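Read through the structure below, which is laid out as structure tokens, and then see the notes.
In this text the structure is predicted, and so the values were computed from the model without any measurement. FYI, the numbering just counts along the sequence from 1.
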Amino acid sequence: MSTGNLTIKRALVSVSDKTGIVEFCKFLHSKNVEIISTGGTAKTLQENGIPYRKIETVTGNPEAFGGRMKTISFQVGSALLFRRDNSQDQEEAKKLGIEPIDLVICNLYPFEKVAKEQKPLADLIENIDIGGPTMIRAAAKNYNHVACVVSPVSYREIQNEIAEQGSVSHLTREKLALQAFSVIAAYDIAIAKELSHQFAKTSGSGLRYGENPHQQAALLKLNNTDSAISLASARVIQGKELSYNNLLDADQAFKCCSELAFEFKKQSVCVIVKHGTPCGVAVHTHQSSALNLAWESDSISAFGGILCFNQEVSEEIALALKERFTEVIIAPRFSDAALKIFSAKKNLRLLEVPMKEASASEWTVRSINGGLLCQDEDQGIATEILNVTQKKFPEALEPVSRFGLVVTKYLKSNCIGLFGQKENGYVTITSGVGQPNRLDCISLLAGVRAKQKNEDLSEAVLVSDAFFPFRDSIEAANDIGVKYILQPGGSVRDPEVIGACNELGIAMAMTGRRHFRH
């Protein structure tokens, strides 16, 4: 593997966006770099007096089919992919007459621009680049021996590096390769997104609408999990088309339910999600009791919510939900009797999918202006919980604490949740979520709701998704009757917070693991 600097002797240039390409190629020519070019790019170079070699002298074939075929060839692919430090590759390249290409300068057909201009489908299809992504992927894969430039923004940096040291560093080639793969990924997503709208009726990827009815949306199925069957590929048994919000809520319900099913094996789990937040969650020996406890947690928010069960939905559950408005019900199975009852509710969506295995890894993607944020899913909860106060957690609260840790992971930050035991099951009493400070979550939300429900919180567990920065949150928890607190810890003021608990007779334990969900 080559990790040294790369001297550029031969470059392949094929760009749709001609910004800065003339100046860059003039510089390369001044450094005795042989330039190979195609189509419109070659014409631009010729008009500006820059010597170049036609692509057909490399491929052995003319450009064909209206420009659809230019660079796709054994010769070009080989020139980019063979390893310069591999003796067998070198021998084969020599035998096959393959000359190495050290630099690829390529940007892609403007598919997104054409899509925004709402051009006919035929124009869209013609602007799906094939040869460009192939070259870019080959060059980026072989970044140890090839530099790949996909944006005019990079021209100046590469030019300066060559001017100063006569070569391109390995670190720069790594960075360029990552940019290249990111560009290809975004390009493919843009194509899938646009064609999902174009082919919505036949592809099944079109959604009713986005977050709001005036926004278009699509479901692009990505292999971001090693689960054999994912929520995105769930069997839709009945109901109208899903919306963007339906799927976001369904995802929260499905993951929370799956994790609780793992923590509380052989017990029934019911999770109700509304607007991205679990509003009712319960675990019980009996499925009907789990449903009732979850619904009673917040019956107002449960109206029109998304429900998920970890076990087959029975006739009893279907009857219980017959007169309640729900948008989506998710379960591993539905009994025939339940399906018969649900069939009268034509708009109700039923999704059949097995629970996600605890060992199934997953990564998530969210967009920001100009980019995609990727991260591993927040899987699992802390295995060790450390008591840090004079008063200790009783062993009887261990299951409630585990229940609360899982549910709190799915509440929007900042958040606290209040959890307890009812009818031999574990339940979300109430929560405070999505506030800029944790104090409001306790005093203005969770505390007020608990009081309205006349809840006794002396045996409840308050779980926080992140540490308490000041003792005021402990005082607020004490004011609403809380005597058991579970939090990650890690604040510079942990001693002050622990001291407040000791003064007020509150037991507090720390997990060492934060669970923000923005």
Side-chain angles (χ1 to χ4, degrees), residues 252 255-256 259 263 276-278 281 364 373 375-394 397-420 428-450 457-518:
Q252 292 289 82
K255 289 176 180 175
C256 184
E259 198 160 343
E263 291 289 334
T277 299
V281 186
T364 66
L373 294 173
Q375 69 169 351
D376 294 331
E377 178 61 278
D378 181 8
Q379 298 187 173
I381 57 175
T383 54
E384 292 186 32
I385 298 174
L386 179 65
N387 278 278
V388 294
T389 51
Q390 294 166 1
K391 182 177 179 179
K392 305 301 179 186
F393 268 65
L397 287 181
E398 187 269 339
V400 177
S401 298
R402 284 193 293 122
F403 174 84
L405 282 175
V406 172
V407 176
T408 302
K409 280 176 50 178
Y410 295 93
L411 300 176
K412 295 292 184 181
S413 309
N414 279 333
C415 76
I416 65 97
L418 294 169
F419 307 96
T428 301
I429 297 171
T430 189
S431 62
V433 305
Q435 300 304 301
N437 71 75
R438 214 163 297 280
L439 189 61
D440 285 351
C441 292
I442 299 170
S443 299
L444 302 183
L445 295 176
V448 172
R449 291 169 180 167
L457 301 179
S458 61
E459 295 299 316
V461 178
L462 183 153
V463 182
S464 175
D465 65 342
F467 63 63
F468 295 108
F470 303 102
R471 63 174 287 154
D472 54 3
S473 292
I474 305 304
E475 292 164 351
N478 182 69
D479 289 343
I480 64 174
V482 169
K483 292 299 174 186
Y484 299 96
I485 295 175
L486 193 54
Q487 61 129 324
S491 169
V492 294
R493 292 188 176 87
D494 277 350
E496 179 184 325
V497 171
I498 294 169
C501 287
N502 289 334
E503 289 174 27
L504 298 169
I506 293 175
M508 186 167 69
M510 295 182 176
T511 66
R513 180 183 287 193
R514 190 182 75 183
H515 292 293
F516 274 158
R517 187 167 288 262
H518 279 58

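A distance-only check finds a donor-acceptor pair linking the side chain of Q487 to the backbone of G489 [under 3.5 Å]. Judged purely by atom type and a 3.5 angstrom limit, R438 uses its side chain to pair as donor or acceptor with the backbone of C415.
Side-chain contact between I485 and F468 is present, with at least one heavy-atom pair separated by less than 4.5 Å. The side-chain heavy atoms of L444 and Q435, taken from C-beta on, include no pair separated by under 4.5 Å. With a 4.5 Å cut-off on side-chain heavy atoms, F419 and V281 do not count as touching. Two residues are said to be in side-chain contact when any heavy atoms from C-beta on lie closer than 4.5 Å; E459 and Y484 meet this criterion. For the pair F403 and T428, the minimum side-chain heavy-atom distance is below 4.5 Å. Counting heavy atoms from C-beta outward, S401 and V463 have side chains that stay 4.5 Å or more apart.
Separating the CG atom in D378 from the CZ atom in R517 is a distance of 6.5 Å, to the nearest 0.5 Å.
Ion pairing of E398 with R402 is present here, as a side-chain N (NZ or NE/NH1/NH2) and a carboxylate O approach within less than 4.0 Å. A salt bridge between K391 and E503 is absent, with no side-chain N of the basic residue lying under 4.0 Å from a carboxylate O of the acidic one.
Summarising the geometry of L411 relative to S431, their closest heavy-atom pair is CD1-CB, 3.9 Å, with the distance given to 0.1 Å. When all heavy atoms of I381 and E259 are compared, the pair lying nearest together is CG2-OE2, 3.9 Å. Smallest separation of non-hydrogen atoms from I416 and A446: CD1-CB, 3.4 Å.
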